[in-house]
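For reference, the structure is listed below as structure tokens.
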Amino acid sequence: MLQMEDIKSYTLKELEDLLREKAYPKFYAHQIFNWIYKKRVENFDLMTNLSKEARGFLKNNFYFSHLKLIERETSEDGTEKFLFELDDGHRIETVLIPEGKRVTLCVSTQVGCKFKCRFCVSGISGFKRNLRTSEIISQYLEVAKRIGRITNIVFMGIGEPLDNFDNVVKSIEILKEPHGIYFGRRRICISTLGIIPKIEKLRELNLGVKLSISLHSPDSKVRTFLMPATKKYPLQELMKAVKAFAKYERYPITFEYIMIRNLNTKKEDALKLVKLVKGINCKINLIPYNPSPYFEWKAPSIQEIEVFKNILKKCKIFFTLRKPRGEDIKAACGQLKATFKD
Ligand code: SF4
């Protein structure tokens, strides 16, 4: 007898294996995916193209978990922040960023974060637990049900996605599944501070998703100061892993670069950055720091941004300057926060 399991934590392959083991036809898994993710039906009794026995089996062994929407805030710029409560009472945030035809959902992967980067509110209260696969998928389902079309998904919310590797990979497999949501793999992006063994594992899995690296400084010392956890993953080693990933996937890697006044915005930083990424198929995403009461950092001056940008431009490094989004509702980069029940 199985323990009651959350059906939205099962990939198609896992469901097929289980059904085959219980002597049900494998194609039932396709039908179940179709009911849950295409027709959005969460009642096994309504899955009428399955046999009565199969529906009974599902009812006795599976349940549908739900995220409870506690609050939905809308920024002046159209960004939305959703506060969800999990089954055990912890709370996480998910952000929706509409921009022209592009509607990007930023999902969380952990309740809190253990890495405590010195510019990010998510790490301040520490770490509680990993999100289950179903809790990651449900962020998409709950928001899509309310707003409709979502064109891109970024794993950049609360938590380090590669620290919850298995559940993140399973959620991507479910998102991509043609019998279900069928979300384009190139429209999914995982962001990481650079956990090298997991980047290598991700490449081996050949998921086809995009990769974004939180770089924030081309100088090892400054980088380790900003993100103490990166001490374990030296910058030169990280760049080797990233180059291998870029070569294999053949699409640009994004390097995230939070610009903090008087810290990583000097002319020398820009020149060092150019040298570091030279030869890699990449894009630099410059993100002016969003001031937060938790940290003393300041946003870069306009002049700092201009000088930095001009060096990248002159050296033919492709970059974008991210407009701050959702600052007024604390939904911008580095501002998301989990709330623990206790
Ligand atoms: S930037 Fe990412 S890894 Fe660092 S504390 Fe925030 S959520 Fe955690």
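Note that ligands are numbered from 1 as they come in the structure, with each ligand's atoms numbered from 1 the same way. Remember, predicted model here, so these are calculated numbers, not experimental data.
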- Query: Which of the atoms of ligand 1 are close to Cys120, meaning less than 4.0 Å from one of its heavy atoms?
  - Reply: 1 (S), 5 (S), 6 (Fe), 7 (S)

- Query: Going by the atom numbers of ligand 1, which of them fall below 4.0 Å from some non-hydrogen atom of Leu193?
  - Reply: 3 (S)

- Task: Confirm or rule out an N/O/S atom of Cys117, from backbone or side chain, lying less than 2.8 Å from atom 6 (Fe) of ligand 1.
- Result: no

- When the ring centroid of Tyr10 is compared with that of Phe62, is the distance short of 6.0 Å? yes

- Message: Quick check on contacts: which atoms of ligand 1 are under 4.0 angstrom from a heavy atom of Cys113?
- Response: 3 (S), 5 (S), 7 (S), 8 (Fe)

- Message: I'd like to know whether the aromatic ring centres of Phe57 and Tyr24 sit less than 6.0 Å apart in this structure.
- Response: yes

- Query: Which atoms of ligand 1 have any heavy atom of Lys116 under 4.0 Å away?
  - Reply: 5 (S)

- Task: For residues Tyr37 and Tyr182, establish whether the separation of their ring centroids is below 6.0 Å.
- Result: no

- Query: With distance as the sole criterion, is a donor-acceptor pair present between the side chains of Gln335 and Asn290 under 3.5 Å?
  - Reply: no

- May I ask you to check if Lys59 and Phe44 form a cation-pi contact, with NZ or CZ under 6.0 angstrom from the six-membered ring centre and within 45° of the axis? no

- Task: Measure the distance from atom 2 (Fe) of ligand 1 to every protein heavy atom, then report the residue, atom name and distance (to 0.1 Å) of the closest one.
- Result: Gly159 O, 4.1 Å

